[in-house]
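Below is one structure, written out as structure tokens; comments come after it.
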Amino acid sequence: MKIAILGKGNVGARLGALFSSANGIDHVVTYSTRTNVAEIAKQGEMLVLAVPYSSVASLVPDLQDYVDGKIIIDATNPLNSSDWSPLEDVGYGAKSGAEAIQIQLPQAKIVKAFNTIFADNLTEDRKTDVTVFVAGDDAEARRVVHELATSSGFDSVVETGPLMTSRYLEAMAHLNIQLAVGMGHGTNTGFAYVERTGGGDEEQK
Ligand SMILES: NC(=O)c1ccc[n+]([C@@H]2O[C@H](COP(=O)([O-])OP(=O)(O)OC[C@H]3O[C@@H](n4cnc5c(N)ncnc54)[C@H](OP(=O)(O)O)[C@@H]3O)[C@@H](O)[C@H]2O)c1
């Protein structure tokens, strides 16, 4: 698959490296600069948003002609750039940043993923114990991103349901930053979802 990554910073470059080395699948990864977003988006069969959330609105005009029916993985988090605190209002009331992007690009299939994982964990040696959470309204698009994450070596991938659940994923990212920066745990940290077989409700009966 041709994967176009918009933004080649900490997240974009590392995700691109992992996607390029996906198990048994040949992905061609290209990266945009600030000046060729439309051209790179046109070439991509799947897109990844790895720019600051505050830049996304300015990319929309470049994207709108080239994203019809395409999956756009949204790895962004709506933050205030001054101190990484949560952006209180993404411009669409209580909606998440991902839902706001879906409203601006209704012809695309927005799938929220990777936003809860620090770039420090998007590496060959650290990716296996953090969970990739995947949210999106299109179940097939969620499945494709789920498979991309699995083939890229993430052992734990969990679908959270419709795009509305991005609200929870963006809140998780804010908690991630608070733990890392506010509480001093650093960025070599992350969330892992534990799912045991058996037990739970059954055991309590
Ligand atoms: N860092 C993390 O651990 C982490 C984890 C999860 C999610 N995220 C989210 O992922 C996104 C990227 O974070 P990052 O840490 O990778 O940021 P970063 O290192 O600052 O990289 C941002 C990239 O976006 C590009 N960019 C900025 N504005 C642009 C525009 N208008 N048009 C095209 N490209 C533009 C930058 O290009 P230039 O080099 O030209 O500035 C750079 O390549 C953010 O939304 C962040 O909240 C980050």
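Counting starts at 1 for both ligands and their atoms, following the listed order.
Taking distance alone, with nitrogen or oxygen atoms compared against 3.5 Å, Arg34 approaches ligand 1 more closely than that limit. Residue-to-ligand polar distances place Lys8 within reach of ligand 1: an N/O pair is separated by less than 3.5 Å. Polar contact with ligand 1: present for Val51 (N/O pair, distance under 3.5 Å). Of the polar atoms of Thr33, none of the N or O atoms is found under 3.5 Å from an N or O of ligand 1, judged by distance alone. An N or O contact shorter than 3.5 Å is missing between Gly12 and ligand 1 by distance. Residue-to-ligand polar distances place Asn10 within reach of ligand 1: an N/O pair is separated by less than 3.5 Å. Here's the thing with Val11: one of its N/O atoms is less than 3.5 angstrom from an N/O atom of ligand 1.
No side-chain heavy atom of Lys109 sits less than 4.5 Å from a side-chain heavy atom of Val144. Within the 4.5 Å cutoff, the side chain of Leu148 has heavy atoms near those of the Ile73 side chain.
Proximity of the aromatic rings of Phe114 and Phe19 is defined here by a centroid distance below 6.0 angstrom, and this criterion is met.
Contact between Ser32 and ligand 1 is absent, with no heavy atom of the residue lying under 4.0 Å from the ligand.
When non-hydrogen atoms are compared, ligand 1 lies under 4.0 Å from neither the backbone nor the side chain of Leu6. Only side-chain heavy atoms of Leu59 come within less than 4.0 Å of ligand 1; its backbone N, CA, C and O stay farther off. With a 4.0 Å cut-off on non-hydrogen atoms, Ala119 touches ligand 1 through its backbone as well as its side chain. Contacts with ligand 1 closer than 4.0 Å are made by backbone heavy atoms (N, CA, C, O) of Tyr53 only, the side chain lying farther away.
Which parts of ligand 1 touch Pro52 is read off a 4.0 Å heavy-atom cut-off, strictly below it: atoms 22 (C), 24 (O), 27 (C), 44 (C), 45 (O). Annotation for ligand 1: atoms under 4.0 Å from non-hydrogen atoms of Leu79 are 47 (O). Applying the 4.0 Å criterion to heavy atoms of Ser58 picks out, from ligand 1, the atoms 31 (N).
The protein atom (non-hydrogen) at minimum distance from atom 47 (O) of ligand 1 is Asn77 N, 3.5 Å. Nearest protein heavy-atom contact of atom 29 (C) of ligand 1 is Ser55 OG, 3.8 Å. Of all protein heavy atoms, the one closest to atom 5 (C) of ligand 1 is Ile117 O, 3.1 Å. Annotation: atom 10 (O) of ligand 1 to nearest protein heavy atom, Ala75 O, 3.4 Å.
Compare Gly7, Ala50, Ala13 by their heavy atoms: the one nearest to atom 22 (C) of ligand 1 is in Ala50.
Salt bridge Glu39/Lys42: absent, no basic N to carboxylate O contact under 4.0 Å. Between Arg167 and Glu170 there is no salt bridge, since no side-chain N of the basic residue sits under 4.0 Å from a carboxylate O of the acidic one.
The main-chain N or O of Gln107 is never found under 3.5 Å from a side-chain atom of Lys70 such that the two would form a donor-acceptor pair. Listed for the Asn77 side chain is a donor-acceptor partner under 3.5 Å among the backbone atoms of Asn115. Under the 3.5 Å distance criterion, the side-chain polar atoms of Asn176 are matched with a main-chain donor or acceptor of Thr116. Between the Lys127 side chain and the Leu18 main chain, no donor and acceptor come within less than 3.5 Å of each other.
Cluster annotation: Val51 is connected to Val37 through the hydrophobic network of ILVMFWY side chains, with a link wherever side-chain heavy atoms come within less than 4.5 Å. Under the 4.5 Å side-chain heavy-atom criterion for Ile, Leu, Val, Met, Phe, Trp and Tyr, Val130 and Val111 are members of the same hydrophobic cluster.
There is a protein heavy atom less than 4.0 angstrom from atom 15 (O) of ligand 1. Note that atom 20 (O) of ligand 1 has no protein non-hydrogen atoms nearby, at separations under 4.0 angstrom.
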Residue pair Ser82, Asn80: steps toward the side chain to side chain donor-acceptor pair (under 3.5 Å) verdict: CA-CA 5 Å; Ser82 52; Asn80 292 299; 5.7 Å; no
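Across Asp120, Asn121, Asp125, a single residue satisfies side chain to side chain donor-acceptor pair (under 3.5 Å) together with Thr123, and that is Asp125.
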